[in-house]
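Worksheet for the structure shown next.
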Amino acid sequence: MPEGPAAAPAAPVPALLVIDMQNTLVAMAYRAAGTVAAIARLQERARAAGAPVVLVQQGDEELEPGTDGWRIVPQLAPAPGEAVVPKAAPDSFLGTELDAVLRARGVTEVVVTGFATEICVESTARQALSRGYDVVLVADGHTTSVRPGPGPYAAPEASVAHHNEIYRNLRYPGRRVRVLPAAEVDFGGGAPATAG
């Protein structure tokens with residue numbers, strides 16, 4: 001029996017994931033204003049396209065829930081009805097409702113942004129891949145802390161660039177992994193924004 005044409009792969013169902021963009025953390029972040037602005041534009045576009053926006057919020061002894069430092073920065077505050085997932089570990093999936101929140105919304109691709117590049121962003125992006133999601137790492141939508149001078153850590157600009165390059169070359173069977181600037185992220189509601 002002859003085979004018919006192959007079915008086109010299903011279009012991804014993206015969600016914007018905003019990790020730990022909280023007052024205390026953003027205050028110590030490298031290029032904080034630019035990162036916040038890039039994520040804010042992504043939030044606007046995701047909402048306009050009807051894509052879920054999910055915010056993840058660290059709570060621990062240094063970010064005590066209910067304090068001003070623990071709160072998400074005002075520019076990225078959740079809209080009514082948007083999920084805010086509390087977490088206590090670098091992996092946003094560990095011991096949280098994140099996977100259930102994404103699956104309930106039919107999400108197949110996470111657009112990853114937030115703080116800190118090499119800790120919570122990295123841990124969450126890898127776990128998303130292991131849990132079956134495609135990943136878009138937003139090249140200008142994640143950041144890390146400003147370093148206090150020479151030391152064993154990579155400079156923040158080097159850390160961000162390093163992780164972008166790792167994800168450009170990362171291969172997971174059956175997953176699509178991309179690194180895109182915020183202006184090129186498409187939430188399915190039309191063409192991505194133009195740079196500017």
### Set of residues satisfying side-chain hydrogen bond (donor to acceptor under 3.5 Å, both in side chains) with respect to Gln58, sequence neighbours excluded
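side-chain hydrogen bond (donor to acceptor under 3.5 Å, both in side chains) check on Gln58 returns Asp60, Lys87.
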To the closest 0.5 Å, what do you measure between [atom1] ([X]) and [atom2] ([Y])?
{"X": "Thr124", "Y": "Ile119", "atom1": "OG1", "atom2": "CD1", "answer": "11.0 Å"}
{"X": "Thr117", "Y": "His163", "atom1": "OG1", "atom2": "NE2", "answer": "7.0 Å"}
{"X": "Glu157", "Y": "Thr144", "atom1": "CD", "atom2": "OG1", "answer": "11.0 Å"}

### Query
Mind checking what makes salt bridge (charged side-chain N to carboxylate O under 4.0 Å, His left out) contact with Glu82, not counting sequence neighbours?
Arg47
### Members sharing Val101's hydrophobic cluster (side chains within less than 4.5 Å)
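Leu17, Ile19, Val54, Val56, Val85, Phe93, Leu98, Leu102, Val107, Val110, Val112, Val121, Leu129, Tyr133, Val135, Leu137, Ile166, Tyr167, Leu170, Tyr172, Val177, Val179, listed by chain and number.
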### Task
State, with a plain yes or no, whether a side-chain heavy atom of Gln22 is found less than 4.5 Å away from one of Thr67.
no
Can I get a per-line list of side-chain donor-acceptor pairs under 3.5 Å for residues 23-37, giving both atom names and the distance, sequence neighbours left out?
from, atom 1, to, atom 2, distance (Å)
Asn23, ND2, Asp68, O, 2.8
Thr24, OG1, Gly69, O, 3.4
Arg31, NH2, His142, O, 2.6
Thr35, OG1, Arg31, O, 2.9

### Query
Is the shortest distance from a Lys or Arg side-chain nitrogen in Arg168 or Glu165 to a carboxylate oxygen in the other one below 4.0 Å?
yes
### Task
Enumerate the residue pairs fulfilling salt bridge (charged side-chain N to carboxylate O under 4.0 Å, His left out) with a member in residues 105-125, sequence neighbours excluded, ordered by first and then second residue.
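Found Glu109-Arg176, Glu109-Arg178, Glu118-Arg147, Glu122-Arg126.
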Heavy-atom pair of closest approach, residues [X] and [Y]:
{"X": "Val18", "Y": "Thr113", "answer": "CA-OG1, 3.4 Å"}
{"X": "Val84", "Y": "Ile72", "answer": "CG1-CD1, 4.2 Å"}
{"X": "Gln43", "Y": "Leu76", "answer": "NE2-O, 3.1 Å"}
{"X": "Leu94", "Y": "Ala89", "answer": "CD2-CB, 3.9 Å"}
{"X": "Pro12", "Y": "Thr108", "answer": "CA-OG1, 3.4 Å"}
{"X": "Ala158", "Y": "Ala154", "answer": "CB-CB, 4.4 Å"}

### Message
Can you tell me if Gln75 has over 12 outside heavy atoms packed within less than 6.0 Å of its CD?
### Response
yes
### Message
Given 3.5 Å as the limit, does a donor-acceptor pair link the side chain of Asp140 with the main chain of Ala182, or not?
### Response
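Such a contact is found between Asp140 side chain and Ala182 backbone.
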## Note on the structure
By side-chain contact (heavy atoms from CB on, under 4.5 Å), Ala46 pairs with (sequence neighbours left out) Leu16, Ala51, Val53, Phe187
### Task
Group every Ile, Leu, Val, Met, Phe, Trp and Tyr by side-chain heavy-atom contacts under 4.5 Å, then state whether Val160 and Leu42 land in the same group.
no
